[in-house]
There are 2 protein chains.
Amino acid sequence: MLVKIKHDKKVKLLQKPPLRSSGKIGSDIRALRRSRNWTLSDLAKTLGRSVGWLSQVERNVSELGLDDIRNIARLFSLPVTFFFTDAADSNEAAYIVRSGTRRIMTDTPKGLAESLLSPDLGGAFEIVHSVFAPGAACPEPFVRPTEEAGYVLEGSLVLFINAARFELNPGDSFRFSGEKISWINEGAVNAVLIWVIAPPVY
Amino acid sequence: MLVKIKHDKKVKLLQKPPLRSSGKIGSDIRALRRSRNWTLSDLAKTLGRSVGWLSQVERNVSELGLDDIRNIARLFSLPVTFFFTDAADSNEAAYIVRSGTRRIMTDTPKGLAESLLSPDLGGAFEIVHSVFAPGAACPEPFVRPTEEAGYVLEGSLVLFINAARFELNPGDSFRFSGEKISWINEGAVNAVLIWVIAPPVY
DNA sequence: TGATGAAAAAAATATTGAAAATTTCATTTT
DNA sequence: AAAATGAAATTTTCAATATTTTTTTCATCA
């Protein structure tokens, strides 16, 4: 991208490496906001902040306080830890998520524990590692404006697609789009799945 | 969709259930053609057939012969078996792929065995089950106009992203987009991955 | 200094006309 | 009769432009 330079001041600013708010919280917020189809103005209003401020925050130009982070986490039903990573190698972190360092997406643990397999938010789809505890169930059927697919790693999950019942076992996979979905783990052990959602909903 | 009815003949035709060429080969062909950005005319020419004929075939309005199927399979580097499924429950087949009945995508087995985890072609992304034999390697680095992600189920795979080397082990995941990629299984056992590609390339 | 609010810039969203692709179907071929 | 063609009719796609919305920038305020 070419940048038109007008003043010396701006030059200095642009030459500085972007101050990464420990991982790029701003970019995460932008992706989360976009996944909800909210505008800067929508989110700023909710947070009781100005549009200009949010614009700078999302571009990692200015830091935000812990209070704001907490508000945002709550707003998107994410644990605050979601926004903090301790990646050793930053080039690796751009592409790889190691088994032990996934970002946990589950706010209040309750039967379903989800963690992110993609290195960051954004992109055409989202890949999630999901653990369904025994007895866990989706409270009520849902429909999402997404295309979703999954693969069973362990255990067994019962998936209802438009009221049809399918029992999925390790190695089984599925895909649906715009269907009415619900699920339950009727087994005695965790059901572990890989779940792909396009576009991301987080 | 509303259908304007003009003649009695047409009414009868429309009321008939669509004659499924054992699984919907036509739809597969359409998806394959589209994934290559070919027009009906492009493919028809290659097959030495008329555009009108291909249009009917792709819409499952008319059958095609085994010769044509063979040509098409070869054209897309797929085994002929790819186009035939023996799904018991047709509603299930629309959503679920059972562990044992995946469609095999590998034409000439050679280190990498891929099979389709999605119930059919088409959609925003493709999910593939990939088995990399010990020693198997990608001949030369490639770049694809896609966003791709993966998850390691078993074994170990070395992935090069823009010349950076990453050794991936079970539970590790990755994602890239527009990078220069190559890979090799340096281990002594199969490396088994789930691979997601958007949009599909087949 | 952190944040605001309004002007400037950029991006997304419609509109439209033309071109390309697809479908339909009467006719020809086998 | 069934299979396949080719051309007309229809639909879709694409590019160019105007409009509106969203985002960025930055002078100024608390």
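Every chain is numbered from 1 and lettered A, B, ... according to where its sequence line falls, protein lines coming before strand lines.
Whole-Å rounding puts the A:Gln56 CD to D:dT24 C1' distance at 8 Å. Distance CG (B:Leu47) to P (D:dA4): 12 Å, rounded to an integer number of Å. Here D:dT11 presents its C1' atom at 13 Å from CG of B:Leu40, a figure rounded to the nearest Å. The interatomic distance linking A:Glu58 (CD) with D:dT23 (C1') rounds to 10 Å, in whole Å. Atom CG in A:Asp68 sits roughly 13 Å away from atom P in C:dG2 (whole-Å rounding). In this structure, the CG atom of A:Asn37 is 12 Å from the C1' atom of C:dA12, given to the nearest Å. If you take CG of B:Asp42 and C1' of C:dA21, they are 10 Å apart, rounded to a whole angstrom. The interatomic distance linking A:Leu64 (CG) with C:dT4 (P) rounds to 13 Å, in whole Å.
Between B:Trp195 and B:Phe174, the gap from one ring centroid to the other is short of 6.0 Å. A distance of 6.0 Å or more separates the ring centres of B:Phe176 and B:Trp183.
Here the straight-line distance linking atom CG of B:Asp42 with atom CG of B:Asn37 works out to 9.5 Å at 0.5 Å rounding. B:Ser156 OG to B:Phe132 CZ: the interatomic distance, rounded to the nearest 0.5 Å, is 11.5 Å.
Applying the salt bridge (charged side-chain N to carboxylate O under 4.0 Å, His left out) test to pairs two or more places apart or on separate chains, those with a residue in residues 168-179 of chain B are A:Arg98-B:Asp172, A:Asp120-B:Arg175.
Applying the 4.0 Å criterion to OP1 and OP2 of C:dT22, one finds that B:Arg33 has a side-chain N or O inside that range. For C:dT22, neither phosphate oxygen OP1 nor OP2 lies less than 4.0 angstrom from any side-chain nitrogen or oxygen of B:Arg59. Contact check, B:Arg30 against C:dT23: a side-chain N or O comes under 4.0 Å of OP1 or OP2. For D:dT24, one of the phosphate oxygens OP1 or OP2 lies less than 4.0 angstrom from a side-chain nitrogen or oxygen of A:Ser55.
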Evaluate side-chain contact (heavy atoms from CB on, under 4.5 Å) for A:Arg34 paired with A:Arg30, printing each intermediate quantity in order.
CA-CA 6 Å; A:Arg34 291 234 164 107; A:Arg30 170 150 291 186; 3.7 Å; yes
Could you walk me through whether B:Glu126 and B:Arg144 pass the salt bridge (charged side-chain N to carboxylate O under 4.0 Å, His left out) test, one step at a time?
CA-CA 14 Å; B:Glu126 159 188 21; B:Arg144 279 196 286 230; over 6 Å; no
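Looking at heavy-atom distances under 4.0 Å, B:Arg49 makes contact with sugar-phosphate atoms alone, never a base.
End-to-end axis angle of the helix from C:dT1-D:dA30 to C:dT30-D:dA1, using five pairs per end and rounding to 10°, comes to 50°.
In this structure, the nucleotide among D:dT24, C:dA3, C:dA21 sitting nearest to the side chain of B:Thr39 is C:dA21.
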